[in-house]
Number of protein chains: 2
Amino acid sequence: MLVTSSLDEVKKRESALRNIRKIINQDTRKNLYDFTGLSGGFLATESDLKLLETYVGPAIFEEKLQKEGIKHLGGEKVFAVNRTSSGILATILALVPEKGFVLHFLKEHPAHPSIPRSCKLMHANYLEYTDIDKFRVPYDVNLVIITGSTMDHQTIDEKTFKKVINLAHKENIPVLVDDASGARIRTAIFNQKKATELGADLVVTSTDKLMKGPRGGLMAGKEDLIDLVKSKATQFGLEAQPPSILAMVKGLEDYNPENLRSSLNKKTELFDQLKLKYDSFQETPTGIMVKEGDMYNELHCENKDLTAKDFNFLWSMILLKKEGIITIPAVGMPGASATIRFDIASPDSNKLTVEEIIKKINSSINSLKNV
Amino acid sequence: MLVTSSLDEVKKRESALRNIRKIINQDTRKNLYDFTGLSGGFLATESDLKLLETYVGPAIFEEKLQKEGIKHLGGEKVFAVNRTSSGILATILALVPEKGFVLHFLKEHPAHPSIPRSCKLMHANYLEYTDIDKFRVPYDVNLVIITGSTMDHQTIDEKTFKKVINLAHKENIPVLVDDASGARIRTAIFNQKKATELGADLVVTSTDKLMKGPRGGLMAGKEDLIDLVKSKATQFGLEAQPPSILAMVKGLEDYNPENLRSSLNKKTELFDQLKLKYDSFQETPTGIMVKEGDMYNELHCENKDLTAKDFNFLWSMILLKKEGIITIPAVGMPGASATIRFDIASPDSNKLTVEEIIKKINSSINSLKNV
C-alpha cells in the first residue's frame, strides 16, 4: 500500500503539481489537458482587478454576486465560501449543536468526506441513507443533507429528492443540498429543478465544477439561515475572498447549459468505442469513468505492493506525466475520489478529437500492464 | 445596546459595504480613504491571470510562493491559508487533541477571537497570559501560542518572546506565533528578528496587513508541522485559493520595509497636533487610535441606548458615510476590535495631508457630539 493517510495524499498532490509545472515550463499550457471538469478559471478584466481590495472589492462584487447567484441557484440570498467543504463545515457549525443529529441521503456511498468530518467535529450522531424506503426522519434531527450528485456524478432523481425534503419539513428540520456539480448536472443534463425550487432551505455548489468559475463554493437559500451560516463562516475564515468572488461572478455570467449538453454527443462516441476494447469504463452524465478496482481487476494486476486505490492513483500520475492529461486522483484534495474520470464537458476537451483521446488512454493502459 | 451578537456584526458589515459601494458609484475610488492598514490589493498582470486555473494555477504560483514566503517569514516551508483565522483553526485541529491544553501569551488582552473559538471547538483547556513572571508551561500542554502584535498593534518585546519559546521548548511543546501584523511591525519598525529566527515552530501572518497582498494568511515553519497543518486545512477547505496565492506572491515581491518606516514621521506630526485638542488619541506603531470607551467618556456621551462599543461602531460609520474614511469597526469581521485606528502606513494615506486628515477627524467628532 503506497497511500495510507491524508498526509500521503498531500504529498501525492504536491508531486502532481510539480509535474504540471514541468510540462508547462517545457511545452506551454497547450499540451496539458485538464479533464477533471474542475478547471476553474479567472475571467476578470484589468479594470475589475483594480477594485480587488480587502474592503472595496466585496462592496462592488457582492451586489453582482447576489444577482447572478440567485439566477443560478434561486433562494433569497447567496453567500460565497472558500470551498464547498468550507460551506458544509460552516453550515454544520451553525445549525448542529454539540452531540446533535444529522441525516444524509445520497444516491450511492461514499459521501464526500467533508460531511462526516464536520459532523465528527461536533460529535454529532451521523447516519447515511441510499434507500428511500428505509429513510425515516426522527423529530430530534437537527439537519438533513441531500447530495444532489456524488463525486462520481451519480445523480438523485427528482421524486426521491422531493420525498426527502418533505419528510424533513414535516418535522420542521432544515435541508442542506450538497449540489457541488449537481446544480448543473441535475438541471442542464437531467432537466430537474433547482434545489431551492424543490424546497431546499440551503444549497451549496462548487463554482469550478462544470462551469468556468474559480475553485470555491456558492451557497444560496433562506435569508435567515444564510445569515447564520455567514456569521459562523466569517468567525473561522471560511468565506471566499474578493478575487474568488470576482471570478465567481464572471464564471456565472459565462455559464450556458447548452455547452454542457453539446458535450453529450462526443461523450457517447468516446464511450461506444472504448467499450469495444475494455469492460471497465462506465458512462457519467458528462463523461466516462473507471472506478477504483475495475481496471485493476480487468488487467489482473499482480503487484502485491499496490492496492486497487494505489493503482488508480498511479494510473492518474501516468496520464499526467506521459499524456499531459489531468484527472482528479493525481491532484485532488485528501479524501477525493480515486475514480479516474474524463470529463468531456471540460474546456480542454475541445483540444483533442475522440481518436486522440482514445490513443492517449490506450497508451496509459499499456504502461499500466507492466507495473 | 445596538450591536449584541456576531449576527448583528454581519449586518453592520453589510451596511458598511453598501455605503462603500454608494461612494464608489458616485465619486469613483479617489474619494474613499482606506485607513484600515488592511487595504489588500491584487497586483497581477494579464499573463498571470491566464494561468489561474484550479490545478494549473497552484502548480505555477506555489513555487514562487515558497521562495518569497521563506524570504519574508523564514522557516523550511510555507503554506497559504484563506485567512489568518483559518490557519489558526487548522493548526489547532492538527496539533491539539480533543480536551487538550493550549497556552497563549500576548502583550495585552483581548486575544484575537479565532484563538479561543478554535480551542473551544476542540474542548481544549485554554489559558491566556500577559505577565511573563506568571507564565509557566506544564508538561501536558499541547501548543503554546504567542501573539506578536495584537489587533491594536501592542507589540511583545524580543526578550519576552524568546523566554516564552524557551519555556515551551524545554517541555518539547511546539510554538505557533500569530504574527498577523507583527511579522512587519516587529521587524520593520522595532528591528526585531523574524519569529522563526527566534525559534518559533510555526508562524502565521496576514498578507493584507501593512503590505499590498490580498486578505489571506501565510504560514511558515518546520516542514513536518506545515505538512500536518496543510493536511487538516485541505480537509476542511481552509487553504488559500489560486487567485489569492498569486496576489500573495505579488504583494510579497512589492513589500519594502522602508515604506513602512517612512510613514512614521507623518504619524508623529498627526498625533502631536491631535493631542493638543483631544485626550483620547493614542499612538500605535504605524498610526493613531482611540480605544473603545475613551472618546465616549471624553465627550460625556449621555445617550443611554449607546454602549461604549456601539459609540465606536457609530463613529466608524460616520467616518465612512460623511468623510469617506474606512476604519475597521465599520467593515471588520465579527469579533474584530472596536478601536478606531487610522493606519498612516495605508496606501490611501498618501492622498491626504496631515491638515486634511485632522479636518476630517474634527468634523466626524462634531457629528458625534449630537448623538
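Chain letters run A, B, ... following the sequence lines, proteins first, then strands; residues in each count from 1. The figures that follow rest on heavy atoms only: side chains count, while hydrogens, waters and symmetry mates do not. Given the structure is predicted, the values throughout are model-derived calculations rather than measurements.
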message: With no hydrogens and no angle check, just 3.5 Å: does a side-chain donor-acceptor pair link B/Q235 and A/S6?
response: yes
Most contacts with chain A, counted as non-hydrogen pairs under 4.5 angstrom, among B/G217, B/S231, B/A330: B/S231
message: If you count every heavy atom of other residues, nucleotides or ligands that lies below 6.0 Å from B/K321 atom NZ, does the total exceed 12?
response: no
query: Rounded to the nearest 0.5 Å, what separation is found between the CZ atom of A/F236 and the OG atom of B/S118?
result: 5.0 Å
- prompt: Could you state the interatomic distance from NZ (B/K230) to CD (A/E14), rounded to the nearest 0.5 Å?
  reply: 3.5 Å
- request: Quick one: pull up CD in A/Q241 and OG in B/S86 and give me the separation to the nearest 0.5 Å.
  value: 7.5 Å
message: Under a 4.0 Å threshold between the charged nitrogen and the carboxylate oxygen, would B/E239 count as salt-bridged to A/R83?
response: yes
- prompt: Is it the case that more than 12 heavy atoms not belonging to B/K67 sit under 6.0 Å from its NZ atom?
  reply: no
message: I'd like to verify something: which residue of B/E62, B/M122, B/K77 has the highest number of heavy-atom pairs under 4.5 Å with chain A?
response: B/K77
Chain A contact via B/S5 - side chain, backbone, both or neither, heavy atoms under 4.5 Å: neither
- prompt: So, for B/N82 and A/N82, which heavy atoms are closest and what is the spacing to 0.1 Å?
  reply: OD1-OD1, 3.1 Å
- prompt: So does A/K120 have more than 12 non-hydrogen atoms from other groups sitting under 6.0 Å from NZ?
  reply: no
field: Side chain / backbone / both / neither for B/K232 at chain A, heavy atoms under 4.5 Å
entry: neither
field: Qualifying residues under side-chain hydrogen bond (donor to acceptor under 3.5 Å, both in side chains), relative to A/Y255, sequence neighbours excluded
entry: none
- prompt: Which residue out of A/V10, A/L238, A/T234 racks up the most heavy-atom pairs below 4.5 Å with chain B?
  reply: A/T234
Minimal non-hydrogen separation, A/P243 against B/P243, with atom names: CB-CB, 3.6 Å
message: Given heavy-atom pairs under 4.5 angstrom as the criterion, report whether the side chain, backbone, both or neither of A/I88 touches chain B.
response: neither
Atom pair CG/CG of B/L121 and A/L89 - distance to nearest 0.5 Å: 7.5 Å
field: Counterpart residues, side-chain hydrogen bond (donor to acceptor under 3.5 Å, both in side chains), relative to A/E98 (two or more places apart)
entry: A/H123, B/H123
